[in-house]
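Notes follow the structure.
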2 protein chains.
Amino acid sequence: MYKFKGKEYPCCASLTMGLIGGKWKTVILYHLMVGGTLRYNELRKEMPTVTERTLSLQLKTLEEDGIVKRKVYTSKPPLKVEYSLTDFGKTLIPVVQSIADWGDFAIKEKQGVVV
Amino acid sequence: MYKFKGKEYPCCASLTMGLIGGKWKTVILYHLMVGGTLRYNELRKEMPTVTERTLSLQLKTLEEDGIVKRKVYTSKPPLKVEYSLTDFGKTLIPVVQSIADWGDFAIKEKQGVVV
DNA sequence: CGGAATCCCGGATGATACTG
DNA sequence: CAGTATCATCCGGGATTCCG
């Protein structure tokens, strides 16, 4: 049994999935990995099918887990907020990369389609 | 947009997560990766906190996705059923390995506890 | 611009009991 | 032994509206 930040996981793999699992987190991390630093609306542009609320919530939990860094540049509207990976978050790059690579591989291997 | 087996994904990373995401799939794959071929009850022993129903359902979808192979050895009770990775499933080994490795790394890096 | 508030649904997961 | 059946629950995620 693995305990991490107050939560329990039955396996080292499930710990990772607890932090970056779900429908959107790896997609966010992938784009931050490729794009470096991105503003909220730049992320939305990369992920047209996510809702604002969900993107917001996922970014918040990634921030709470120390994976993503949020930097605010203006105190009054219009706000400018930039997101990027923390040093700890950058240690996930090989993981996210292999997840992304396998997705590409599966598409080719099993005749998927890229539209 | 990526289309794979009738489903759509906004990113190559989310395709992978669609197949091996969720609370239990990577745990199953991890144990099959380490243990090779395992019977249903051997899997349960490795994963004491999963319910029979959930384990069963996850194995079934992994089988439908061509990742896990199910082999039945007896036609009458007591049944003997063995699970293992398919050749396609084995292509996931580097992915699952890096997910598991990062879990171990995070435990050490952030003072998690192994019980 | 970058969210927060509210309401809601459905699928994923769990508990328990039963069966070929 | 290896599941299935049934019912309950939980929470990720969506739709919409509003705010500093």
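Letters A, B, ... are given to chains in the order of the sequence lines, protein chains preceding strands, and every chain is numbered from 1.
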Between [N] ([atom2]) and [X] ([atom1]): distance, integer Å:
{"X": "B/Leu55", "N": "C/dT16", "atom1": "CG", "atom2": "P", "answer": "18 Å"}
{"X": "B/Lys71", "N": "D/dA2", "atom1": "NZ", "atom2": "C1'", "answer": "18 Å"}
{"X": "A/Lys25", "N": "D/dG13", "atom1": "NZ", "atom2": "C1'", "answer": "13 Å"}
{"X": "B/Arg44", "N": "D/dA2", "atom1": "CZ", "atom2": "P", "answer": "10 Å"}
{"X": "A/Glu82", "N": "C/dG3", "atom1": "CD", "atom2": "P", "answer": "12 Å"}
{"X": "A/Leu62", "N": "D/dG12", "atom1": "CG", "atom2": "P", "answer": "13 Å"}

Ring centroid separation for B/Phe88 and A/Trp102, is it under 6.0 angstrom?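 Yes, ring centres under 6.0 Å apart.
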
Touch check for A/Arg70, heavy atoms < 4.0 angstrom, all strands: base, sugar-phosphate only, or nothing?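 Here A/Arg70 touches the backbone only, sparing every base.
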
Classify the nucleic acid contact of B/Lys60 as base, sugar-phosphate or nothing, counting any heavy atom under 4.0 Å across all strands shown.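 Contact class for B/Lys60: sugar-phosphate only.
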
Looking only at non-hydrogen atoms, find the nearest pair between A/Gly18 and A/Tyr9 and report the distance.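 Where A/Gly18 meets A/Tyr9 most closely, the heavy atoms are CA-CE2, 4.0 Å.
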
I want to confirm an ordering. Mapping B/Lys80 and A/Gly22 to their closest nucleotides on DNA chain D, which one lands closer to the 5' end?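 Its nucleotide being nearer the 5' end, the pick is B/Lys80.
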
Examine [N]: is either OP1 or OP2 under 4.0 Å from a nitrogen or oxygen in the side chain of [X]? Give yes or no.
{"X": "A/Gln58", "N": "D/dG12", "answer": "no"}
{"X": "A/Arg39", "N": "C/dG2", "answer": "yes"}
{"X": "B/Tyr83", "N": "D/dC1", "answer": "no"}

Would the distance check show the side chain of A/Ser14 and the main-chain N or O of B/Val27 forming a donor-acceptor pair, the cut-off being under 3.5 Å?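 Not a single qualifying donor-acceptor pair exists.
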
Taking 4.0 angstrom as the limit, do B/Lys69 and B/Glu63 come out as a salt bridge?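 Here B/Lys69 does not pair with B/Glu63 in a salt bridge, since their nearest N and O are not under 4.0 Å apart.
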
N-O pairing of A/Glu8 and A/Lys3 below 4.0 Å: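 Answer for the salt bridge query: yes.
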
Under 4.0 Å protein heavy-atom contact, by nucleotide of nucleotides 14-20 of chain D - B base, S sugar-phosphate only: BB----B

Can you list every pair that meets side-chain hydrogen bond (donor to acceptor under 3.5 Å, both in side chains) and has a residue in residues 17-28 of chain A, with sequence neighbours left out?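 Qualifying pairs, neighbours excluded: A/Lys25-A/Thr61.
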
Quick check for you: to the nearest 0.5 Å, what is the distance between B/Ser98 atom OG and B/Ile93 atom CD1?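 Reported value, rounded in 0.5 Å steps: 12.5 Å.
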
